[in-house]
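Values reported hereafter were calculated over all heavy atoms of this structure, with side chains retained and with hydrogens, waters and symmetry mates removed.
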Amino acid sequence: MSSQEPTGALEVLSETGRGVRVEFYEFGDRFRHVILATLGERRTPLLRSFEGDESQVLPHIPCFQEFHQQGQTLFLTGASSTGHWSMSVQVAEARFLSFDVACRLKESGRHVGSEYLLADSLDCSLDEVAATATVVDPAKDVPGLQMLGSAPFSCRVSRAEGANLRLSSPAEPQSLPATVQWRYGMWMN
């Protein structure tokens with residue numbers, strides 16, 4: 001992915017040039033994204049969205065096939081056997097990136113959610129009570145990343161099979177079809 005130019009990106013920076021960036025890339029029939037720490041001109045990948053590979057069918061993970069950028073907001077949509085997916089990413093309050101993901105479920109079954117893989121050599125701690133995660137570099141080469149799912153957001157943060165982190169809807173639907181939604185924010189601490 002690093003040799004390919006991103007289809008779109010958003011970045012939020014402090015006055016000191018420290019911040020977080022998201023870049024979206026085409027991968028087969030869908031889009032993947034990478035979360036990076038920004039420190040001056042240096043960008044370090046921290047998290048990569050996990051969608052499996054082209055040989056895997058993972059209906060519980062968002063499938064985004066269309067991308068559109070309007071100013072400081074990115075919009076993605078797509079469909080899979082599970083349902084119809086949408087996501088918006090925007091700079092919020094000029095200090096963090098806000099992710100809003102939804103799926104209009106048409107069948108029951110597996111738990112749905114956004115999944116991420118940690119970059120090599122990074123550690124992640126979870127606070128299940130507050131629904132937060134902190135991604136840190138033990139060598140202290142890059143700033144830590146905070147992922148927040150608690151108020152004003154709404155998502156659960158947990159470990160995921162096949163990925164390091166899952167961010168998902170705080171409530172399961174009682175009947176189908178139904179829309180499930182999760183929101184989370186990311187910023188550098």
Side-chain angles (χ1 to χ4, degrees), residues 1-14 18-28 30-40 42-53 56 58 60-64 67 73-74 76 78 85 87-92 95-103 111-128 130-150 153-169 182-189:
M1 252 192 291
S2 59
S3 63
Q4 178 185 3
E5 286 295 314
T7 301
L10 277 182
E11 184 172 62
V12 61
L13 298 172
S14 70
R18 182 173 157 153
V20 63
R21 178 180 175 88
V22 63
E23 296 178 347
F24 284 86
Y25 295 88
E26 289 185 64
F27 181 77
R30 63 195 64 197
F31 289 91
R32 284 186 171 176
H33 61 281
V34 177
I35 310 293
L36 304 106
T38 302
L39 192 52
R42 186 170 149 213
R43 293 183 181 150
T44 306
L46 301 177
L47 297 168
R48 181 180 59 81
S49 63
F50 176 75
E51 293 87 7
D53 60 39
Q56 295 173 304
L58 301 171
H60 64 289
I61 297 173
C63 176
F64 300 117
F67 177 93
T73 304
L74 308 176
L76 294 101
W85 299 91
M87 178 166 68
S88 66
V89 183
Q90 58 189 340
V91 173
R95 62 184 188 93
F96 62 93
L97 293 177
S98 175
F99 293 73
D100 191 339
V101 188
C103 181
H111 189 79
V112 297
S114 302
E115 294 187 3
Y116 289 94
L117 296 172
L118 287 168
D120 293 339
S121 79
L122 297 179
D123 292 329
C124 180
S125 63
L126 297 179
D127 179 351
E128 295 288 342
T132 65
T134 304
V135 177
V136 296
D137 176 4
K140 307 265 189 253
D141 288 337
V142 296
L145 174 74
Q146 296 287 329
M147 302 173 73
L148 180 65
S150 57
F153 303 104
S154 56
C155 81
R156 288 185 293 201
V157 181
S158 61
R159 297 281 182 199
E161 186 177 325
N164 299 104
L165 293 172
R166 175 182 292 142
L167 295 110
S168 56
S169 174
W182 54 102
R183 294 182 61 225
Y184 53 99
M186 294 193 188
W187 67 93
M188 304 315 295
N189 58 4

Next item on the list: In sequence, state the C-alpha distance, the side-chain angles, and the governing distance for Ser98 and Arg183, and then conclude on side chain to side chain contact (heavy atoms under 4.5 Å, CB included).
Entry: CA-CA 7 Å; Ser98 175; Arg183 294 182 61 225; 3.7 Å; yes
Checklist line | Evaluation steps, side chain to side chain contact (heavy atoms under 4.5 Å, CB included), between Arg30 and Phe64 | finding: CA-CA 5 Å; Arg30 63 195 64 197; Phe64 300 117; 5.7 Å; no
[atom1]-[atom2] distance between [X] and [Y], expressed to the nearest 0.5 angstrom:
| X | Y | atom1 | atom2 | value |
| --- | --- | --- | --- | --- |
| Thr7 | His33 | OG1 | NE2 | 13.0 Å |
| Arg48 | Arg32 | CZ | CZ | 4.5 Å |
| Glu23 | Glu5 | CD | CD | 8.5 Å |
| Leu47 | Leu117 | CG | CG | 8.5 Å |
| Met186 | Leu167 | CE | CG | 6.0 Å |
| Tyr184 | Leu165 | OH | CG | 10.0 Å |

Check: Between Trp85 and Pro62, is there a donor-acceptor pair closer than 3.5 Å when you use the side chain of the first and the backbone of the second?
Finding: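 No, Trp85 side chain to Pro62 backbone: no donor-acceptor pair under 3.5 Å.
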Check: Would you say the side-chain atoms of Thr73 pair up with the backbone N or O of Gln90, donor to acceptor, closer than 3.5 Å?
Finding: no
Item checked: Those residues that, when tested against Val12, pass side-chain contact (heavy atoms from CB on, under 4.5 Å) (two or more places apart) -> Val20, Val91, Leu97
Which atom pair, heavy atoms only, marks the closest approach of [X] to [Y]?
| X | Y | result |
| --- | --- | --- |
| Gln4 | Glu26 | NE2-O, 3.5 Å |
| Ser114 | Trp182 | OG-NE1, 2.9 Å |
| Val112 | Ser168 | O-CB, 3.2 Å |
| Leu74 | Phe24 | CD1-CE1, 3.4 Å |
| Leu36 | Val34 | CD1-O, 3.7 Å |

Next item on the list: Give the intermediate values and the outcome of side chain to side chain contact (heavy atoms under 4.5 Å, CB included) for residues Leu13 and Thr38.
Entry: CA-CA 8 Å; Leu13 298 172; Thr38 302; 3.5 Å; yes
Margin query: Using the rule ring pair (Phe, Tyr, Trp, His ring centres under 6.0 Å), only one of Tyr25, Phe31, Phe27 pairs with Phe67; which is it?
Written below: Phe31
